[in-house]
Structures are given as C-alpha cells and as structure tokens.
2 protein chains.
Amino acid sequence: MHTLSEENYLKAIYRLSQEEGVKITPTAIADSLGNNPASVVDMIRKLTDKQLIAYDKKSGVSLTTQGRKDAVLIVRRHRLWEVFLLEKLGYHWDEIHDIAEELEHISDTTLADRLEKFLGFPEYDPHGDPIPQANGKMAKPYSVSLADMQTGTTCQVAAVRDTSSAFLQYLLKLNIGIGTKISLEEKISYDNSLVISINGNDNTTVSQKFGENILVE
Amino acid sequence: MHTLSEENYLKAIYRLSQEEGVKITPTAIADSLGNNPASVVDMIRKLTDKQLIAYDKKSGVSLTTQGRKDAVLIVRRHRLWEVFLLEKLGYHWDEIHDIAEELEHISDTTLADRLEKFLGFPEYDPHGDPIPQANGKMAKPYSVSLADMQTGTTCQVAAVRDTSSAFLQYLLKLNIGIGTKISLEEKISYDNSLVISINGNDNTTVSQKFGENILVE
DNA sequence: AAATAAAATTAGACAAACCTAATTTTATTT
DNA sequence: AAATAAAATTAGGTTTGTCTAATTTTATTT
Ligand SMILES: [Mn+2]
Ligand SMILES: [Mn+2]
Ligand SMILES: [Mn+2]
Ligand SMILES: [Mn+2]
C-alpha cells in the first residue's frame, strides 16, 4: 500500500492535525520527524500526487479523506500492538512505543481486527490514548491536565501526553500509572510547580511541565 | 543491526545451507529471492565486508559464525510469530508465512524470548519446522517424506516441505494437517503416484511431487 | 582442444528517501 | 517602507538496493 516513510509522514501529519489551531507547515513536519525541511517538501509532493494530503500555502498541509483513513489505521495498529506488548508479553509502558513503531507497519488486512478481538476490544492503549475502531471511530481523548486542576482537588491519572522513556520511567519511579489517584495540594506561584500527594502518600513536588504532561479525569 | 535486505539475504543463504551438498552460488541465491544475479553479487560484497558470509569461488558462499547466528535468530522469530498468528489470532496455516516474513524483522532484543514464553516454548512451528531456541539449538528437522515410505505402512504427518499457499490450501481441502494419519496403500510404478488413505477414509491418489513435500514420522 | 553454453561479474542506470547549501519567498522588525 | 529574519523551495548529492546490457570467466559439449 504505502512505504514505511509515507506511513510515518501520514502519521506525523495526523498527529499535528489533532493539535488545535496549529498550521501544518513543512518545518513543523520536519521537527516532528527529525528530518530536514527539504526532505519534507519532497514527500509533500509525493503524498499530494497520491491524493493523501492537500497543501495550500495559506492553510498548510491537510489530510484528504483517504489520507486520514490511512493514518487512523496506522494509529489503530500502533495502539493495539502496545496493548499486546504490555498485557501479553509483560513489557513496561516505557518500552513499548518504539517496538509498536515498527509493528504498526505490518500491513495484513485482517491483522488489526484479529489482534483487537484477541485483546478483548480495548478502548485505550497503555498510555491512555484512545484506540481507533475498525470503522475509524474512537473514544474522546483525555484533555484536562494535572496542571489545569484546582488546588485541593483529587483526580485519577487517565493518560500521559509525553510518551518518552525519560518521562515514563520517572513516573514508574514515582509509582504513578494509569488510574493512580493524585491530590493537588498546592501550586507554587513562583514557577507553577505542583505539590501533589500520590495515592495519599507524603507530598512530592513536580514541575509545571510534568503537570501538563499528565492527563486526568 | 542489519537492514531488511541484508536479513532476507542471510535467511536465504541459511536456508540454502541446510540443503545438503548444494553449492551456494550467486544464481542460486538470486533464484531463491527472485532477484537478479548482479544484485546478489553486490550484496555478497556487502555481507562479506560485514563479515557475515565468506565467498570462495570454489566452494561458494558460506555463513560465518556471526552470520549463522544472525540468520538463526531471524528464523527463530519467523517461526515463533507463525505460532502466534495461528494459535492466538486464528489464522490458517496457509496465511501466516507472508505476515511472519514481515514480523521476523522486528528487532527488539527481548521480543523473541518473551513471545516464546508467552506461547509456551513451542518446539515446532505450524508447518512442522523446528524453532531455534535462544541458544541457537533446535530439534532435528523431519526428513522422511511420504514418498519414501513402504507400501502398506501408516505414518503421521510431521511437517510440510513446501509452504506455498497453493500446497497448503490443497492440504486443507484434503483434510491433511500436522498429526494426520496417512496409510500408503499403493505406489503406481508408471509415474510414482501414491494411493493413500487419509485418517482411514477412502483412498485418494496424489502425485509424487505431493508425496515428497510431506514429511512424516 | 575447440566450440558453445552457462554463470559470474562489471558498467552504468534508476527510484526512494534522505542530506547540505544556495536561493527565493514570506513574515517580522525597526 | 526598508531592513532583517525566518521559512520554503530548488539544485545538486549520497546511500541503498535494485535493474539491464555488456563482458569476462568457468563449465560442458562436441
Ligand atoms: Mn513507524
Ligand atoms: Mn501509546
Ligand atoms: Mn523477510
Ligand atoms: Mn513455517
């Protein structure tokens, strides 16, 4: 169907399209993939020819109906494989992303559907991201971050925005995972650091960046 | 570690090296991969530089210790994934080879070991080929074919030599799978066709080629 | 041993996906 | 509005892995 690179571009463009009010420019795509903008311009041409994206200098890059469909399927495969790796093979949540990054490109037509059934039709992946269904629909992604909460309230971790190993390993160390209860005790007004209590234990202080990368419900 | 192409060449060379008394020439490799001999000569140079193979005009291509090790790991992954696809995802045995052909290249260090454990340390893949263990050792491959049997004897299907969909689907139609009991009723001396009884049912006639591609015990 | 056929190799080309460096276009300051 | 900065694009290259066509080497016939 598509090459590995085409698929990675489609996925990157899809991800950027999920961020509200962001114009998808060659530089944005280049940053997101770690490529040179000149290379991105080449691929924009190729994907435009294949009618998977449209490029308008004013509004930037957008996915066509077909392009979005293909991108969502790749995301679906990625997240299903992540569930498999964590639940069936016993990996930790900081180890699965890179492997799923390869597995997502296996292109057999019924594989995702069979895997989904085998896994019991999970709605969310191990990072709390919703898994697109075969029809393209998916649960609403979580959007309220720990940093958005009011002091004195308690919430549950629903998802992580940053899926880098560095962040996920830090969370493992702090004993924070999906479902963990966090109480926001205090916001330090100087730098917006957050004083939190994890599962009712002693207080810990975390940075604003940290708080923005944890999504809660 | 290696590129997709390098891995496919290593695997092809390994497979040829399993066939007794066959000199591994550029044309043999080209035939086995569906490539042009000129391309093979390029890759022989590359793999020789990487010290994965040795090429001697007299004796042909051979794997170095490292090359064999790498090839066996790819075969290990291929066969483990085939077991997964059949046993966990419900594919039939004629559908799994091509998917495993892609999955075998996923290169995470612990993936094969975890998969093996998850599958309960299977010794043979769904086609009856032995699965190399983590230490490189594996059960002896089956080698006696149905065509080698004496008239009047009964045996059990242990493996198939040909894993093409055409052959496997024919076997599905005849209700022959691993473990099926076959009695050899008669050998037609004219063309070596075989008259067999499958699981004690009415006689069926199959070709010599057919009989040579079924391994029994 | 010549002649012929087959296999191996070299030479040169091409597509994919990247790059750097130079240039052009667009946006932001002053 | 100029000047400056940033972004986008073009031009030209590189690597990988493939190909075809031509040539050389090796093997098989006669
Ligand atoms: Mn990917
Ligand atoms: Mn994820
Ligand atoms: Mn392969
Ligand atoms: Mn097999």
Side-chain angles (χ1 to χ4, degrees), chain A residues 1-14 16-17 19 21-63 67 70-71 74 101-102 104-105 107, chain B residues 1-17 19 21-63 67 70-71 74 101-102 104-107:
Chain A
M1 191 204 198
H2 307 306
T3 66
L4 186 74
S5 280
E6 285 169 2
E7 290 198 348
N8 284 334
Y9 272 91
L10 279 181
K11 199 158 63 93
I13 293 165
Y14 175 75
L16 290 170
S17 78
E19 290 171 26
V22 174
K23 184 176 162 188
I24 304 176
T25 60
T27 15
I29 299 170
D31 287 352
S32 143
L33 287 169
N35 281 352
N36 190 289
S39 312
V40 175
V41 170
D42 285 350
M43 188 56 92
I44 285 176
R45 199 159 292 138
K46 197 177 169 200
L47 293 177
T48 303
D49 288 351
K50 287 186 91 169
Q51 310 216 52
L52 297 169
I53 63 172
Y55 182 33
D56 174 69
K57 235 166 274 189
K58 272 274 163 52
S59 56
V61 172
S62 59
L63 291 162
D70 295 351
I74 302 162
E101 204 60 42
E102 299 186 53
E104 70 190 4
H105 302 289
S107 59
Chain B
M1 193 200 194
H2 307 308
T3 67
L4 185 74
S5 282
E6 285 168 0
E7 289 198 349
N8 284 333
Y9 272 92
L10 279 182
K11 199 158 63 96
I13 293 165
Y14 175 75
R15 193 154 50 73
L16 290 169
S17 78
E19 289 171 27
V22 174
K23 184 177 162 188
I24 304 176
T25 59
T27 14
I29 298 170
D31 287 351
S32 144
L33 287 170
N35 280 352
N36 189 289
S39 312
V40 175
V41 171
D42 285 349
M43 187 57 92
I44 285 176
R45 199 157 294 138
K46 196 179 170 198
L47 293 176
T48 303
D49 288 350
K50 287 185 90 171
Q51 311 215 51
L52 297 170
I53 62 173
Y55 181 33
D56 174 68
K57 236 166 274 190
K58 273 273 164 51
S59 55
V61 172
S62 59
L63 291 163
D70 294 351
I74 302 163
E101 204 59 44
E102 299 186 54
E104 71 190 3
H105 302 289
I106 309 284
S107 59

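Every chain is numbered from 1 and lettered A, B, ... according to where its sequence line falls, protein lines coming before strand lines.
- Protein atom CD of A:E7 is 15 Å distant from nucleotide atom C1' of C:dA16, rounded to whole Å.
- Between A:L10 and A:G67 the shortest heavy-atom distance is CD2-O, 4.3 Å.
- In terms of position along DNA chain C, the nucleotide closest to A:T3 lies nearer the 5' end than the nucleotide closest to the other residue of the pair A:A38 and A:T3.
- Looking at heavy-atom distances under 4.0 Å, B:S5 makes contact with sugar-phosphate atoms alone, never a base.
- Using a 4.5 Å cut-off on side-chain heavy atoms (C-beta onward), B:Y9 and B:I44 make no contact.
- Proximity of residues 45-53 of chain A to DNA chain D (heavy atom under 4.0 angstrom from any strand atom) is restricted to A:R45.
- Within the structure, a side-chain polar atom (N or O) of B:Y9 is placed less than 4.0 Å from OP1 or OP2 of D:dT18.
- Paired runs in DNA chain C that reach 3 or more consecutive Watson-Crick or G-U pairs, where each pair keeps both distances under 3.5 Å, cover C:1-30 with D:1-30.
- At least one side-chain heavy atom of A:N8 sits less than 4.5 Å from a side-chain heavy atom of A:H105.
- Contact annotation: side chain of A:D42 to base of C:dC18, donor-acceptor pair present below 3.5 Å.
- Across the protein-nucleic acid pair, A:K58 atom NZ and C:dT25 atom C1' stand 13 Å apart, rounded to whole Å.
- In this structure the side chain of A:H2 never reaches within 4.5 angstrom of the side chain of A:I74, judged on heavy atoms.
- Here A:E101 contributes atom CD and B:I106 contributes atom CD1; the two are 10.5 Å apart, rounded to the nearest 0.5 Å.
- Shortest non-hydrogen contact noted between B:A71 and B:L63 is CB-CD1, 4.5 Å.
- Qualifying side-chain hydrogen bond (donor to acceptor under 3.5 Å, both in side chains) partners for B:S17, counting only residues two or more places apart in sequence or in other chains: none.
- Pairs passing the salt bridge (Lys or Arg N to Asp or Glu O under 4.0 Å) check and including a residue from residues 42-53 of chain B, sequence neighbours excluded, read B:E6-B:K46, B:E6-B:K50.
- Across the protein-nucleic acid pair, B:N8 atom CG and D:dT18 atom C1' stand 14 Å apart, rounded to whole Å.
- One atom, CG of A:D56, and another, P of D:dT9, lie 11 Å apart when rounded to the nearest Å.
- Closest heavy-atom contact between A:A30 and A:N36: CB-C, 4.0 Å.
- If you measure from atom CG of B:L33 to atom C1' of D:dG17, you get 12 Å, rounded to the nearest angstrom.
- Straight-line distance from the CD1 atom of A:I44 to the P atom of C:dC18: 13 Å, rounded to whole Å.
- Contact between the side-chain N/O atoms of A:N36 and the OP1/OP2 oxygens of C:dT20 is found at a separation under 4.0 Å.
- Rounded to an integer number of Å, the gap from CG of B:N35 to C1' of C:dT9 is 16 Å.
- For A:K23, the salt bridge (Lys or Arg N to Asp or Glu O under 4.0 Å) criterion is met by no residue, not counting sequence neighbours.
- Taking CD1 of A:I29 as the start and CD1 of A:I13 as the end, the distance is 4.0 Å to the nearest 0.5 Å.
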Which protein N or O atoms sit under 3.5 Å from an N or O of nucleotides 5-8 of chain D?
{"unit_1": "D:dA8", "atom_1": "OP2", "unit_2": "A:T27", "atom_2": "N", "d": "3.1"}
{"unit_1": "D:dA8", "atom_1": "OP2", "unit_2": "A:T27", "atom_2": "OG1", "d": "2.0"}

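- Side-chain contact between B:M43 and B:N35 is absent, with no heavy-atom pair separated by less than 4.5 Å.
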